[in-house]
Protein chains: 2
Amino acid sequence: MATDELLTRALESLGDDDPVSVEAILRLTGPADVPESLTIAQAADLLDVSAHTLRYYERAGLVAVSRDTLGHRVYDAGAVRRLVFLTRMRLSGMPMRDLQHYIALVDAGEDTVPERLDMLLEHRDTVRRRIRELTLSLAATEFKIATYGGEAGPDAIE
Amino acid sequence: MATDELLTRALESLGDDDPVSVEAILRLTGPADVPESLTIAQAADLLDVSAHTLRYYERAGLVAVSRDTLGHRVYDAGAVRRLVFLTRMRLSGMPMRDLQHYIALVDAGEDTVPERLDMLLEHRDTVRRRIRELTLSLAATEFKIATYGGEAGPDAIE
DNA sequence: CTATGGCTTCGAGCGCGCTCGAACGCAAAC
DNA sequence: GTTTGCGTTCGAGCGCGCTCGAAGCCATAG
C-alpha cells in the first residue's frame, strides 16, 4: 500500500528540525481507537472543537448523530470518523458549503465517487497553492527579520 | 547579505516540480520598480486587491495616502512599499488588529524596533505552524485520494 | 429535598474583513 | 453641452463560521 509512502513524504516535507508528534500521525491516519460511543463533550475534546461547533455541524447536515434515552447525543464510531474528516477539511480551509456538498454526495451513494474524487483533487491543489503562498510569505518575513536583526537597509525597515 | 540565501531556501522549500514564478520572486523582494506615483486603480492592480480594500486600509490607519489637486489619492513609493508589506502580511494571515498595532509602532519611531521584531518573530512561528498544519492535511487528503483511486478500504471511503 | 452539572433546543449575536451602493465632483471625449 | 469614466465620502450590509445565552430536562451528590 502507498500509506507508508505518503506518510513518509508528509513527514519529510515537514522538515527534520521539528519532528512530527505522534498525535499528528494518529490524526492523519485517523484515531487508532474506535470509540464505542462518546458524549458530545468527549467528542469535542477528541476533535479539538467546541460542543457548540459539533451541534452546528450537525445542524448544517454534515453528520447525523443518534440520541440516548435522555435525548443526549451519542457519537458512535461512524460519526467520529466522519467528524475527523470534517474537522481536518475545515482546518485545511475547505468551506462549509463545499463540505455540505461533499457530504450530500456521500449520502447519495457510490455513483458520486468520481465527483467526490474531483472535489478532493481540487482541494488538494488549493491546499498546495496555499502552502506555497505561505512559504513565500514566510521567506519574506524571515528576510525582514534578518534586516531588523542585522544592519538596517536604507529604507528597508517598516 | 543573507538575501540570496533566504531566497534560495524559499525556492528550495517550494519544491522542484513547480518552479516559482518570476512575479513571486519580485513580490518577495518587493516590486522592482519604484513607482513615482500611482492612482488607486493602478495600486490596486499592482497589489492585487480592490480599490475598496485600499481605501479600507487607509481608513483603518494602516497607510497614509496623499491627494492631488482633485482630491484623488496618490500612492507614492512609500505608500506602495508599505502596502506591499501589508498585503503580504494579510495574505499570510496576520489579523488587521495586529497590523494596526505594528503600524502604530512604526509610526512611533525607532524605539519600537524590538517590539516590532517580536511581532515578526511570532508571526513567523504562526506561519510555520500553519504550513505544518496544511502539510499534514495535504498528506491526509492525498491519502484519501489514493484510497479512492485504487481499491477502496473496508470503510475508508467517505 | 434541593443544588449542581451536563445535556437539550432555539434563535440571536458577534468578529472579521471586506464589499457595496448612493450621491457627488471633475475632466476629457464626442 | 452632455456623456463617460474615474475618482471621492459615508455608512450600511454581507458572508462566513462559529459562539453564546436563555430556558428547560434529567440524574446524581450532598
Side-chain angles (χ1 to χ4, degrees), chain A residues 35 37-76 79-80 82-83 85-103 123 126 130 133-134 137, chain B residues 35 37-76 79-80 82-83 85-103 123 126 130 133-134 137:
Chain A
S37 72
L38 296 180
T39 67
I40 193 169
Q42 292 167 331
D45 203 59
L46 177 71
L47 296 161
D48 207 31
V49 296
S50 72
H52 283 302
T53 298
L54 289 182
R55 293 192 199 100
Y56 167 69
Y57 287 172
E58 187 180 350
R59 265 191 288 178
L62 294 181
V63 60
V65 184
S66 53
R67 308 298 153 113
D68 63 13
T69 53
L70 293 178
H72 290 194
R73 286 171 176 79
V74 176
Y75 290 86
D76 61 15
V80 171
R82 178 168 288 189
L83 282 167
F85 169 70
L86 291 170
T87 51
R88 188 143 61 207
M89 290 315 224
R90 285 294 305 120
L91 206 58
S92 55
M94 183 176 279
M96 287 293 290
R97 219 173 317 110
D98 292 2
L99 242 14
Q100 287 170 323
H101 183 204
Y102 187 92
I103 290 300
H123 181 64
T126 301
R130 184 67 183 137
E133 208 170 66
L134 286 179
S137 288
Chain B
S37 73
L38 296 181
T39 67
I40 193 168
Q42 291 167 331
D45 203 58
L46 176 71
L47 295 161
D48 207 32
V49 296
S50 72
H52 282 301
T53 298
L54 289 182
R55 293 192 198 99
Y56 167 69
Y57 287 172
E58 187 180 349
R59 266 192 288 177
L62 294 181
V63 60
V65 184
S66 54
R67 309 298 154 112
D68 64 13
T69 53
L70 293 177
H72 289 194
R73 287 172 176 79
V74 175
Y75 290 85
D76 60 15
V80 171
R82 178 169 288 190
L83 282 167
F85 169 70
L86 291 170
T87 51
R88 190 144 60 207
M89 290 314 228
R90 286 294 305 120
L91 206 58
S92 55
M94 183 177 279
M96 287 293 290
R97 218 173 319 113
D98 292 4
L99 242 14
Q100 288 170 321
H101 184 203
Y102 187 91
I103 290 301
H123 182 63
T126 301
R130 184 67 183 136
E133 208 170 67
L134 286 178
S137 287

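Letters A, B, ... are given to chains in the order of the sequence lines, protein chains preceding strands, and every chain is numbered from 1.
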**Asked** When all nucleic acid strands are considered with a 4.0 Å heavy-atom cut-off, which category describes A/Arg67: base, sugar-phosphate, or nothing?
**Response**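 It contacts sugar-phosphate atoms only.
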**Request:** Identify whether any heavy atom of B/Ala41 sits under 4.0 Å from a base atom; if not, whether one sits that close to sugar-phosphate; answer base, sugar-phosphate or nothing.
**Result:**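 Sugar-phosphate, backbone atoms only, no base.
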Could you tell me which non-hydrogen atom of [X] sits nearest to which non-hydrogen atom of [Y], and how far apart they are?
| X | Y | value |
| --- | --- | --- |
| A/Met94 | A/Leu99 | SD-CD1, 3.3 Å |
| B/Ser92 | A/Leu134 | CA-CD2, 3.7 Å |
| A/Leu54 | A/Tyr75 | CB-OH, 3.6 Å |

**Request:** Could you tell me whether A/Glu58 and A/Arg55 make a salt bridge, using a distance below 4.0 angstrom between a side-chain N and a carboxylate O?
**Result:**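 Salt bridge absent between A/Glu58 and A/Arg55.
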Quick one: which of [options] gets closest to the side chain of [X]?
| X | options | answer |
| --- | --- | --- |
| A/His72 | D/dT9, D/dC18, C/dT8 | C/dT8 |
| B/Arg90 | C/dC7, C/dC18, C/dC20 | C/dC18 |
| A/Arg73 | C/dT8, C/dC26, D/dT8 | C/dT8 |
| B/Met96 | D/dA27, C/dT9, C/dG17 | C/dG17 |
| A/Pro95 | D/dG17, D/dC18, C/dC7 | D/dG17 |
| B/Ile40 | C/dC18, D/dG7, C/dT8 | D/dG7 |
| A/Leu70 | D/dT9, D/dA27, C/dT19 | D/dA27 |

**Message:** I'd like to know if the side chain of A/Gln100 reaches the main chain of A/Ala60, judged simply by a donor and an acceptor atom lying under 3.5 Å from each other, with no hydrogens or angles considered.
**Reply:**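 Present.
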Atom [atom1] of [X] and atom [atom2] of [N]: how far apart are they, to the nearest Å?
| X | N | atom1 | atom2 | answer |
| --- | --- | --- | --- | --- |
| B/Leu54 | C/dC20 | CG | C1' | 16 Å |
| A/Leu86 | D/dG17 | CG | C1' | 14 Å |
| B/Glu58 | C/dG17 | CD | C1' | 17 Å |
| A/Met94 | D/dG17 | CE | C1' | 16 Å |
| A/Gln42 | C/dG6 | CD | C1' | 12 Å |
| A/Leu62 | D/dC18 | CG | P | 10 Å |
| B/Tyr56 | C/dC18 | OH | C1' | 6 Å |
| A/Leu99 | D/dG15 | CG | P | 20 Å |

**Asked** For DNA chain D, whose closest nucleotide is more 5', that of B/Thr39 or that of B/Arg59?
**Response**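 With B/Thr39 and B/Arg59 compared, the 5'-side residue is B/Thr39.
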**Message:** Strictly below 4.0 Å: does B/Tyr57 bring a side-chain N or O up to OP1 or OP2 of C/dC18?
**Reply:**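 For C/dC18, OP1 or OP2 has a side-chain N or O of B/Tyr57 closer than 4.0 Å.
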